[in-house]
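Heavy-atom basis, side chains included; hydrogens, waters and symmetry copies ignored. Because the structure is predicted, anything quoted here is derived from the model rather than measured.
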Amino acid sequence: MKCTQSLPPILWSLRAFCFPLAAGILLYGCKNGNAEAGQGAMPPPSLPVITVKSMPATTYQDYPASVQGKQDVEIRPQIDGYLTAIEVDEGAYVHRGQTLFVIDKRPYEEQLNTAQANLQAAQSSLENAQINVDKLKPLVQNNVVSDIQLKSAQASYNTAKAAVDQAQASVGYAKVNLTYTTITAPSDGYVGIIPFKTGSLVTKSTGGGAYCGVGNAGHAGVFFHERARIPRIQAKIRGKFHRREGKTNAACTTGAGG
């Protein structure tokens with residue numbers, strides 16, 4: 001036996017009335033909420049507007065490069081010493097015979113003084129040997145002394161004369177070294193990189209600086225870039241760069257990589 005229970009008719013009536021009423025209240029509340037939210041929102045900001053126009057523009061490209069002389073002369077000191085003066089700046093134009101560097105002169109001046117003193121001592125010994133020879137010659141002629149003594153005196157004279165020649169050579173060598181303390185430009189051109197500063201020790205085995213004696217040959221610009229860009233860059237650098245003294249040609253490119 002099945003037992004079923006049904007709602008009273010009045011409850012069915014209330015149910016049919018409450019559902020539409022609740023839905024209407026919900027829709028009305030959402031509508032009012034949206035209206036209030038719209039009234040409280042900030043207006044959109046106003047931004048400036050411009051019209052883009054096409055026009056010509058110049059663009060630049062930078063490439064690593066170095067400028068090298070076509071005729072480079074490396075300057076090296078011929079003596080050892082400390083730099084007391086650098087008379088030129090890197091990139092300066094110099095003339096042949098112009099002073100570039102000065103090395104400390106004092107040690108070489110003292111060497112010259114010593115060599116001159118040795119020369120004077122050798123000359124005195126030579127004069128003394130000459131006196132002995134002149135003194136023995138008449139004695140040998142008169143058979144007072146043996147000619148062996150005269151030969152010995154003559155040998156001493158020859159030794160003294162050789163000492164004088166050696167001392168004179170030492171004086172000349174000291175004078176040459178003293179002139180080497182002043183380094184001059186061998187030709188006209190531009191000074192390159194100077195790796196030393198005043199007070200640096202330079203020797204005959206180390207370079208004193210790179211000197212670019214370009215003359216009329218000019219400079220060459222060496223650019224480092226991809227190999228595929230060489231033709232385009234060569235087309236752009238046609239021409240000459242003028243300096244205050246002399247001209248520099250930029251027409252040399254070297255591809256790196258690619």
Side-chain angles (χ1 to χ4, degrees), residues 71-89 92-189 191-192 194-213 215:
Q71 295 178 357
D72 291 343
V73 179
E74 185 178 9
I75 300 298
R76 289 181 178 270
Q78 295 179 284
I79 56 174
D80 302 340
Y82 292 94
L83 284 179
T84 57
I86 299 177
E87 302 293 340
V88 294
D89 297 324
Y93 186 85
V94 295
H95 299 279
R96 181 177 181 180
Q98 181 176 341
T99 300
L100 302 178
F101 312 101
V102 178
I103 300 176
D104 190 5
K105 298 177 180 292
R106 293 173 298 178
Y108 299 97
E109 289 175 344
E110 294 303 323
Q111 288 182 7
L112 177 59
N113 294 334
T114 301
Q116 290 175 340
N118 293 335
L119 176 60
Q120 292 178 357
Q123 290 173 342
S124 299
S125 298
L126 179 62
E127 292 177 359
N128 188 31
Q130 182 65 51
I131 292 174
N132 291 332
V133 170
D134 295 339
K135 180 179 65 175
L136 291 174
K137 281 183 178 180
L139 297 178
V140 172
Q141 292 174 357
N142 296 324
N143 295 322
V144 176
V145 295
S146 172
D147 61 346
I148 299 298
Q149 295 182 1
L150 179 59
K151 291 179 180 180
S152 177
Q154 187 67 44
S156 298
Y157 172 82
N158 293 336
T159 301
K161 187 176 183 302
V164 170
D165 294 339
Q166 185 177 7
Q168 288 177 343
S170 298
V171 170
Y173 182 73
K175 288 182 178 179
V176 170
N177 283 340
L178 185 59
T179 61
Y180 286 158
T181 58
T182 301
I183 303 175
T184 59
S187 62
D188 296 347
V191 178
I194 302 176
F196 299 107
K197 304 299 181 183
T198 301
S200 299
L201 175 63
V202 294
T203 63
K204 292 181 287 186
S205 61
T206 58
Y211 168 82
C212 301

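Summarising the geometry, atom CG belonging to Asp188 is positioned 4.5 Å from atom OH belonging to Tyr93; distances are rounded to the nearest 0.5 Å. Between atom CZ of residue Arg106 and atom CG of residue Leu178 there is a gap of 13.0 Å, rounded to the nearest 0.5 Å. Rounding to the nearest 0.5 Å places CD of Gln154 at 10.0 Å from CG of Leu136. Rounding to the nearest 0.5 angstrom, the gap separating the CD atom in Gln78 from the CG atom in Asp80 is 11.5 Å. Of the inter-residue distances, the one linking Ser146 atom OG with Leu139 atom CG reads 11.5 Å to the nearest 0.5 angstrom.
When side chains are defined from C-beta on, Leu126 does not count as touching Gln130, because their heavy atoms never get closer than 4.5 Å. Residues Ser170 and Asn118 fail the side-chain proximity criterion, which asks for heavy atoms closer than 4.5 Å. For the pair Glu110 and Pro107, the minimum side-chain heavy-atom distance is 4.5 Å or more. The shortest distance between side-chain heavy atoms of Leu150 and Lys137 falls below 4.5 Å. Here the side chains of Ile79 and Thr181 are in contact, with some heavy-atom distance below 4.5 Å. Side-chain contact between Leu83 and Thr198 is absent, with no heavy-atom pair separated by less than 4.5 Å. The shortest distance between side-chain heavy atoms of Val144 and Pro138 does not fall below 4.5 Å. In this structure the side chain of Val102 never reaches within 4.5 angstrom of the side chain of Ile183, judged on heavy atoms.
Among all heavy-atom pairs drawn from Ser187 and Arg96, the shortest one is CA-CB, 3.7 Å. Here the closest heavy-atom approach between residue Tyr180 and residue Ile103 is recorded as O-CD1, 4.3 Å. In terms of heavy atoms, Thr203 sits closest to Pro77 at O-CG, 3.1 Å. Heavy atoms only, all atoms of each residue included: Ala129 and Tyr157 are closest at CB-CA, 3.4 Å. Taking all atoms of both residues into account, the shortest heavy-atom contact from Leu112 to Lys175 is CD1-CG, 3.5 Å.
The residue from Val94, Ile86, Thr182 that alone fulfils the side chain to side chain contact (heavy atoms under 4.5 Å, CB included) condition with Leu100 is Val94. The side chain to side chain contact (heavy atoms under 4.5 Å, CB included) test with Tyr108 is passed by exactly one of Thr179, Val176, Asn177: Asn177.
A 6.0 Å sphere centred on CD of Glu109 holds more than 12 heavy atoms belonging to other residues, nucleotides or ligands. Counting non-hydrogen atoms of neighbouring residues, nucleotides and ligands closer than 6.0 angstrom, the NZ atom of Lys161 reaches no more than 12 such neighbours.
When atom types are taken as modelled, the side chain of Asn128 and the backbone of Ser124 share no donor-acceptor pair closer than 3.5 angstrom.
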(message) Go through it in stages, so that I can follow the logic: the residues are Gln149 and Ser152, the test is side chain to side chain contact (heavy atoms under 4.5 Å, CB included), and I'd like the CA-CA distance, side-chain angles, deciding distance and then a yes or no.
(response) CA-CA 5 Å; Gln149 295 182 1; Ser152 177; 5.6 Å; no
(request) Mind running side chain to side chain contact (heavy atoms under 4.5 Å, CB included) on Val202 and Phe101 for me, showing each step along the way? (result) CA-CA 11 Å; Val202 294; Phe101 312 101; over 6 Å; no
